[in-house]
Amino acid sequence: ETPEPGDLIEIFHFGYKDWAIYVGDGYVIHLAPPSEFLRFGSSKMFTFLSRKAVVAKDPLEDVTWGCFYRVNNRLDHQYRPRPIDEIISSAKKMIGDKKTYKVLCENSEDFVTDLRYGWPRCKLV
C-alpha cells in the first residue's frame, strides 16, 4: 500500500517494531537516535536502551533500512484522525525536539498516534 500524508507507518525491524508518520514526497517524521549515538554507528536499539530520542525527518527508505513496513492507521475505526494539514504541521514543528523514550509509553508508536489522533495511545486504550 502506498502511504499518503498523515498515515502511520509500522516498520518491522529485526527484533522490534518502529513507527513513523508519513509527511509526503517519500519522507517520514520519526523518533531517531540522538546525534551523539550516530557517530558510533548506532541504530534505533540505542534509542531503546538510552531512553533518549530526537524527532527527525528522513526518507522512508532510510528509516526502514530495507525492512518490511506497512500503512497501519489501526485506530481509524475508533477515532477520527486530525485534519492532514494539522498532523503534518504539528509533526514538522517538532523536528529537532528531544524526547524521552520508554518501552510501554512515550515510544515511537505513541508519538505518531498522538500526531494522528491528538491523544497519546496510552490514554486511548
Side-chain angles (χ1 to χ4, degrees):
E1 183 176 0
T2 304
E4 298 290 330
D7 279 342
L8 301 183
I9 307 296
E10 183 178 19
I11 306 162
F12 298 88
H13 290 292
F14 301 106
Y16 67 100
K17 284 195 290 186
D18 196 12
W19 292 78
I21 194 148
Y22 190 77
V23 295
D25 297 323
Y27 282 83
V28 294
I29 292 180
H30 65 113
L31 296 179
S35 59
E36 61 264 24
F37 292 119
L38 295 178
R39 66 176 167 251
F40 299 113
S42 72
S43 67
K44 290 284 277 197
M45 192 56 74
F46 276 94
T47 302
F48 172 78
L49 296 173
S50 73
R51 297 186 176 183
K52 295 178 183 176
V54 64
V55 179
K57 179 181 176 185
D58 291 302
L60 176 60
E61 64 184 47
D62 291 355
V63 175
T64 62
W65 301 335
C67 296
F68 175 76
Y69 68 89
R70 68 176 179 167
V71 172
N72 187 355
N73 299 318
R74 62 186 190 79
L75 296 176
D76 279 6
H77 67 281
Q78 277 181 284
Y79 302 99
R80 183 182 314 197
R82 296 167 60 201
I84 293 170
D85 59 330
E86 285 182 26
I87 295 170
I88 305 301
S89 67
S90 294
K92 286 181 176 180
K93 286 178 189 173
M94 298 175 120
I95 294 171
D97 288 358
K98 293 180 180 168
K99 299 282 184 188
T100 301
Y101 189 97
K102 297 178 185 172
V103 176
L104 297 177
C105 197
E106 297 180 50
N107 56 33
S108 62
E109 182 179 5
D110 295 320
F111 171 70
V112 297
T113 299
D114 184 26
L115 287 168
R116 184 164 176 85
Y117 302 103
W119 290 90
R121 188 179 75 79
C122 289
K123 292 179 183 173
L124 290 176
V125 293

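These numbers were taken from a predicted model, which means no experiment stands behind them. These values consider heavy atoms only, across backbone and side chains, with no hydrogens, waters or symmetry-generated copies.
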Engineer: Quick check: closest heavy atoms across Y117 and R74, and the distance to 0.1 Å?
Structural biologist: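 The pair with the smallest heavy-atom distance is OH-N, 4.2 Å.
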Engineer: With a cut-off of 6.0 Å (strictly less than), are more than 12 heavy atoms of other residues, nucleotides or ligands near CD of E61?
Structural biologist: no
Engineer: Do W19 and Y79 land in one hydrophobic cluster if side-chain heavy atoms of ILVMFWY residues count as linked below 4.5 Å?
Structural biologist: yes
Engineer: Answer yes or no: is there a side-chain heavy-atom contact under 4.5 Å between M94 and I29?
Structural biologist: no
Engineer: Looking at every non-hydrogen atom in both residues, tell me the closest pair between I88 and Y22 and how far apart they are.
Structural biologist: CD1-O, 3.7 Å
Engineer: What do you reckon, is CG of D25 surrounded by more than 12 foreign heavy atoms closer than 6.0 Å?
Structural biologist: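 Atom CG in D25 is not packed in, count stays at 12 or less.
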Engineer: Given the rule that I, L, V, M, F, W and Y join up when any side-chain heavy atoms are under 4.5 Å apart, are I21 and I84 in one cluster?
Structural biologist: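 As far as the 4.5 Å side-chain criterion goes, I84 and I21 are connected within one cluster.
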Engineer: Using the rule that Ile, Leu, Val, Met, Phe, Trp and Tyr join whenever any side-chain heavy atoms are under 4.5 Å apart, tell me whether L115 and V55 fall into a single cluster.
Structural biologist: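 L115 clusters together with V55.
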Engineer: Same cluster for I87 and I95 if Ile/Leu/Val/Met/Phe/Trp/Tyr side chains link at under 4.5 Å?
Structural biologist: yes
Engineer: Answer yes if V112 and V63 sit in the same cluster of Ile, Leu, Val, Met, Phe, Trp and Tyr residues linked by side chain heavy atoms under 4.5 Å apart, and no otherwise.
Structural biologist: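 Different clusters.
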Engineer: Show me, pair by pair, the donor-acceptor contacts under 3.5 angstrom made by side chains of residues 3-12, not counting sequence neighbours?
Structural biologist:
residue: D7; atom: OD1; partner: N73; partner atom: ND2; Å: 2.8
residue: D7; atom: OD2; partner: E4; partner atom: N; Å: 2.7
residue: E10; atom: OE1; partner: R70; partner atom: NE; Å: 2.7
residue: E10; atom: OE1; partner: R70; partner atom: NH2; Å: 2.8
residue: E10; atom: OE1; partner: N72; partner atom: ND2; Å: 2.7
residue: E10; atom: OE2; partner: K17; partner atom: NZ; Å: 2.8

Engineer: Counting C-beta onward and ignoring hydrogens, is there a side-chain heavy-atom pair between Y69 and L60 closer than 4.5 Å?
Structural biologist: yes
Engineer: CG of D18 to CH2 of W65: how many Å apart, nearest 0.5 Å?
Structural biologist: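 So the CG of D18 and the CH2 of W65 are separated by 7.5 Å.
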